[in-house]
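Proteins get letters first, then strands, A, B, ... in listed order; numbering begins at 1 in each.
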Amino acid sequence: MASLDISSIKRDFPILSRKIRENNRLVYLDSGATSQKPNSVLDAERDFYTQHNAAAHRGAHQLAEEATELYEGAREKVASFIGADVDEVIFTKSATESINAIAYSMGNAQSGSRFHISRGDRIVVSEMEHHANLIPWQELARRTGAELVWFKVTDDGRLDLTNLSELINSRTKIVALTHQSNVLGTINPLEDIVKRTHEVGALFVLDACQSVPHYKVNVKSLDIDFIAFSGHKMLGPTGVGILWGRKELLDEMPPFLTGGSMIETVTMESATYLDAPKRFEAGVPNMAQAVGLGAAVDYLSAIGLDVIHSHETELTRAAISGLRTIAGLTIIGPTDMTLRGGVVSFAIEGIHPHDLGQALDSYGIAVRTGHHCAWPLMRRFKTVATTRASFYLYNDLDDVNALVDGVERARKYFVER
Amino acid sequence: MELDSLYQEVILEHYKRPLHKSLKANPTIQVQHINTSCGDEITLNLHTDGTVIQDITWDGIGCSISQASTSVVSDLVRGKSVGEALATIDAFQAMIQSKGADTGNEDVLGDGVAFAGVAKFPARVKCALLGWMATKDAISQSQSKNER
Ligand SMILES: Cc1ncc(COP(=O)(O)O)c(C=O)c1O
């Protein structure tokens, strides 16, 4: 398999050449929170504003026509990136909004609709969810009287599937799981869970924030019903996310946000709505951001997700084996590379993650510290916070070595001082 | 170097050997404060007769800055009058939020001045204030309890 020319990739990302805290090279290991952006994405956004800016789908002038074409072109790019039909791809503001859209749409559904949910019904999540894929379901359960239940997590950071068929039962309406944990790096095996979900007539929602940016995800072959992810974690701009749903579901699903651009006819009393995707895109859309995301998809596709994934796997393996040589350090999450992505969380005896993160920052190394918006998972591992390094295509082994050396240096600073 | 301006020797000393970190029973008021951005939490017990801070004990988990600073405040305000204690807390808060302009008065803040460097690390200001705000909260709750 072709390997990556990292130095040429690094040149595409202007921020990677800036200096941090005095005169340190930036070692950016926080792509799990948000990725950096290549010039082609920044140029696409700027080009939209300088050459084509107008409200898409409104107005008969040339700019409106071009804006519409670019915006819809971005939708086509995203659709082919995840193996979806174009009409199934909805632009939102973020993954958070995408998940809330499903939850609120279900809450809005009348009885008789397949989306209707009420007391006695069940919503299934897991203990490793990001708050974005937990709180909307807690709220839906609270509003409707449905019951929220969850998969537990094993000591080595995998989903505990031993009670799969009890947890997902005939009362289950929705199963919402993360594809890859943003804390543990675990990639969840979906096949049996999705099969069981459909067996009982429930819907499967995949939080793909940490997977779609890093390896091939095909919504059709996964046989799922909905997917949510954010543009900003995959080289795209902030302010754009994706909600994908199967066509026949979107056609039946009531809208969450209503207003302009999503209607068919309107009287003072009522309105009828357009078909998906427009039905779910009320208001003048985030066009420049969608176009930027389209450019990000082009960038990733040109390099190839398979190449990116194997590169990240190599970095992750090196990071795990390097970090494990450090005294008092524990990896939180799987240490074998099967079904594992490029996110590595760890703890060091005697050093709080905030202090470790601060020391690493003073060496130019950016990592994430804290609860990672996964507070229940922290509790599961009897901690309040971890330190997390996450890798992307622009990282290299020098970055991994800087991390390992930096952690050892910080350990000496705090523990041996 | 910059890291040393944050992690003063005094701070690491308090972190490794925190003072009064063991909850004393039957407090006048118990408060629990959480730093929502990182999950750090402390529980703080205040003993007061309404005019004097008789005792402050605490327990919790957190970074060196939050733990050391709670250790400092618990030692500093014990024995002080309520008014003096509140003035001390205000002085600390002013220093921490001054972005480096106010380096603190050692006569008032004692070991607390070691945290002056935190003011230059905006993400850590909340850590430094955790124990102080918990103390302030406990004092004000004890006063409104007295008034009732
Ligand atoms: C697994 C996971 N789900 C959901 C989210 C929420 O994404 P956003 O904040 O972009 O809406 C994130 C990222 O923060 C994440 O890592």
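Chosen from B:C63, B:A123, B:G62, the residue pairing most often with chain A at heavy-atom distances under 4.5 Å is B:C63. With respect to chain B, the highest number of heavy-atom pairs below 4.5 Å among A:D361, A:I351, A:D355, A:V384 belongs to A:D355.
Residues meeting the salt bridge (charged side-chain N to carboxylate O under 4.0 Å, His left out) test with B:K136, sequence neighbours left out: B:D90.
Dense packing is recorded around NZ of A:K19, with more than 12 heavy atoms of other residues, nucleotides or ligands lying under 6.0 Å away. The number of heavy-atom neighbours closer than 6.0 Å to CD of A:E349, taken from other residues, nucleotides and ligands shown, is 12 or below. Within 6.0 Å of NZ on B:K120 lie no more than 12 heavy atoms contributed by other residues, nucleotides or ligands. More than 12 heavy-atom neighbours from other residues, nucleotides or ligands sit within 6.0 angstrom of CD on A:Q138.
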Practice task
Let me see the working for A:H352 and B:D40 under side-chain hydrogen bond (donor to acceptor under 3.5 Å, both in side chains), right down to the final yes or no.
Solution key: CA-CA 10 Å; A:H352 189 280; B:D40 290 356; 2.9 Å; yes
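Nearest heavy-atom pair across B:I34 and A:W375 is CG2-CH2, 3.8 Å.
Using a 4.5 Å cut-off between heavy atoms, B:Y7 touches chain A through backbone and side chain atoms alike. Of the atoms belonging to B:E9, heavy atoms from both backbone and side chain fall under 4.5 Å from chain A.
One finds the OG1 atom of B:T36 at 6.5 Å from the NE2 atom of A:H371 (value rounded to the nearest 0.5 Å).
Using a distance-only test at 3.5 Å, with no hydrogens or angles considered, no donor-acceptor pair links the side chain of A:R21 to the main chain of B:L3.
Legend: ring-ring contact (aromatic ring centres under 6.0 Å, His included) pairs involving residues 119-138 of chain B, not counting sequence neighbours, sorted by first then second residue: B:F92-B:W132.
You'll find the side chain of B:L6 reaches within 4.5 Å of the side chain of A:Q358, heavy atoms only.
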